[in-house]
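Reviewing the structure listed below.
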Amino acid sequence: MAPSAPVVTRFAPSPTGFLHIGGARTALFNWLYARRFGGAMLLRIEDTDRERSTESAIAAILDGLSWLGLDWDGDVVYQFARAERHREVVETLLATGGAYRCYATPEELAEMREAARREGRPARYDGRWRDRDPSEAPAGAKPAIRLRAPQEGETVIEDAVQGRVVWQNKDLDDLVLLRSDGNPTYMLAVVVDDHDMGVTQVIRGDDHLTNAARQAQIYQALGWGVPRMAHVPLIHGPDGAKLSKRHGALGVDAYRELGYLPAALRNYLVRLGWSHGDQEMFSQDEMIAAFDLGQIGRSPARFDFAKLENLNGHYMRQSDDESLVEAIGRLLPTLGPARGLGPELTPALRGMLLRSMPGLKERAKTLVELLDSAYYLYAPSPLALDAKADSILDAAARARLGAVRALLAETAEWNAAALEAAIRAHAERTGLKLGQIAQPLRAAVTGRGTSPGLFEVMEILGRETSLARIDAQARTGDTAPMNAA
RNA sequence: GCUCCCAUCGUCUAGCGGUCUAGGACGUCGCCCUCUCACGGCGAAAACAGGGGUUCGAGUCCCCUUGGGAGCGCCA
């Protein structure tokens, strides 16, 4: 259903850490909904917790959104900067009787909760200052300001995802709007900011569902309209438990370093909790055209790396060679050192990578795998053999290598077609299977048991390097195979 | 403990009372292709949590049980 008024959504992370995967999906949903209906997505940083908010977290969130390709409209709103306005709103509430001063001490509050729990009652503030005369206020004590919430009737949220959710007002207590130190609480700040920013549709994690009820009461006290709500189930780890750092609660920057493409992550995320019939693959435009709140599921989804990898492989195969080489280049500062590579691609390596990319990208699921599978292009000399290559190169294989070496050296044209023709002819002559010759050659030339097509590899490596590597393995007896150091 | 939410293959999901002997995707397992590994193609195993209702008819609606999850701060 298309909203009647212009749509305004917002993504409102608190900058106490990186942009995690659940936040990324929430941002994506907000972004898609705004784009779908020609509206705007605003970005608000909820930095009212001065202790835990950091500049680096803000930077990480902004970077993460940009990397994912999610842009926001207008300037970033910083919630802390709006504290004055929040206090002003509380003043009006105090004036109309919608709020009152509460002098209960933290000790009293703790006692209240403990007693409630002991007696099996819901833990809530008992309203002891709700109707007390201000003259009874302890001298010099700074009060917190609480909402005078309705005590009868019910509070209802018509949620686009969860449906109609009802709370009995007797189960909800008088929440704090302004702390005794004069700072606004989150509950108040969200309401005022969403209202002032003209937010028409709130889309957020369903850990906020119960907050929605309390916020609705604030809206009502203020005489403001409540925005439409959509509470999206959280993402769980593979074990069904809450996402932890071990399995998926990584920052989006970590996914970047793991070698995932933004397009793949977007596609994976959009299908986590949302569906459009049987469609699995979505270009950015397709997502926007198809997205709506009604197709979001109500049950939590588990994060599955295997599916993300599959999707990533798909998007890599789809990518043009040039952009994959660029993507590897951007990852080199973090991936290079461990692989004996500098922070930048040398022109020579870049060239070989580009020529090899059609064969390479077919076989890798991530950019990291892509770089590792190209090992033979940048391997230092002497080439290290992995276990598989080592086992392929037994005495018989090395002997065959010797025979093939001379024949390869004689081929006039060093290109894939000519090399293949020469080897095939040799196989036919000797009655060997192609694999009996190709596998030892592959092991000698790449140091691995698997690689892109052998003849393309040899063409790109060039005559000199290829023959040198074959020589290193063909000579038996006096030269031991080099094992990975 | 209290309040609220949820429940289809291992995983993501389609299904919005009859077209469901439940469909797709990932993963898994076979086979084909093949110089290896991938890709691709073909095929297989794999689910409506349990119990009551409602209805001519229930995966689809209602209730209970069980099992998950979230929230219960002068955190956000």
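Numbers restart at 1 for each chain; the letters A, B, ... are given by sequence-line order, proteins then strands. Only this structure's heavy atoms are used, side chains among them; waters, hydrogens and symmetry mates stay out.
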Just call it for [X]: base, sugar-phosphate, or nothing, with non-hydrogen atoms closer than 4.0 Å on any strand.
X: A:Glu46; answer: sugar-phosphate
X: A:Ser180; answer: base
X: A:Arg298; answer: sugar-phosphate
X: A:Leu209; answer: sugar-phosphate
X: A:Arg124; answer: nothing
X: A:Leu311; answer: nothing
X: A:Gly313; answer: nothing
X: A:Val190; answer: nothing
X: A:Ala364; answer: nothing
X: A:Asn211; answer: base
X: A:Ala144; answer: base
X: A:Ser299; answer: sugar-phosphate
X: A:Thr450; answer: base
X: A:Thr48; answer: sugar-phosphate

Between [X] and [Y]: side-chain donor-acceptor atoms closer than 3.5 Å:
X: A:Gln473; Y: A:Arg398; answer: yes
X: A:Gln439; Y: A:Arg442; answer: yes
X: A:Thr155; Y: A:Asn169; answer: yes
X: A:Glu280; Y: A:Asn267; answer: no

Starting from [atom2] on [N], measure out to [atom1] on [X] and report it in whole angstrom.
X: A:Glu420; N: B:rU36; atom1: CD; atom2: C1'; result: 14 Å
X: A:Gln279; N: B:rG24; atom1: CD; atom2: P; result: 16 Å
X: A:Ile235; N: B:rG69; atom1: CD1; atom2: C1'; result: 14 Å
X: A:Arg113; N: B:rG1; atom1: CZ; atom2: P; result: 20 Å
X: A:Tyr268; N: B:rC12; atom1: OH; atom2: C1'; result: 7 Å

> Do the side chain of A:Asp278 and the base of B:rG23 come within less than 3.5 angstrom through a donor-acceptor pair of N or O atoms?
Replying inline: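 A donor-acceptor contact between them is present.
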> Hey, is the side chain of A:Lys365 pairing donor to acceptor with the base of B:rA38 inside 3.5 Å?
Replying inline: no
> Any idea which heavy atoms bring A:Pro233 and A:Val161 closest together, and the distance?
Replying inline: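 Taking A:Pro233 first and A:Val161 second, the nearest heavy atoms are CD-CG1, 4.3 Å.
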>> Tell me whether the side-chain N/O atoms of A:Ser275 come closer than 4.0 Å to OP1 or OP2 in B:rA14.
In response: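 For B:rA14, OP1 or OP2 has a side-chain N or O of A:Ser275 closer than 4.0 Å.
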>> With a 4.0 Å limit, can you tell me whether A:Arg271 has a side-chain N or O closer than that to the phosphate oxygens OP1/OP2 of B:rA25?
In response: no
Paired with [N]: which nucleotide, if any, by Watson-Crick or G-U wobble criteria at under 3.5 Å for both distances?
N: B:rC4; value: B:rG69
N: B:rA44; value: B:rU28
N: B:rC35; value: none

>> Under the rule for ring-ring contact (aromatic ring centres under 6.0 Å, His included), what residues qualify as partners of A:Phe291, not counting sequence neighbours?
In response: A:Phe29, A:Trp274
> Applying salt bridge (Lys or Arg N to Asp or Glu O under 4.0 Å), which residue pairs with at least one partner in residues 9-30 of chain A are found, sequence neighbours left out?
Replying inline: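 Qualifying pairs, neighbours excluded: A:Arg10-A:Asp194.
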> Of the residues in residues 212-221 of chain A, which ones touch RNA chain B at a heavy-atom distance under 4.0 Å?
Replying inline: none
> How about A:Tyr268 and A:Phe303: are their ring centres within less than 6.0 Å of each other?
Replying inline: yes
> Counting side-chain heavy atoms from CB outward, which of B:rU36, B:rA76, B:rU11 is closest to A:Asp304?
Replying inline: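 Ranking B:rU36, B:rA76, B:rU11 by closest atom to the A:Asp304 side chain puts B:rU11 first.
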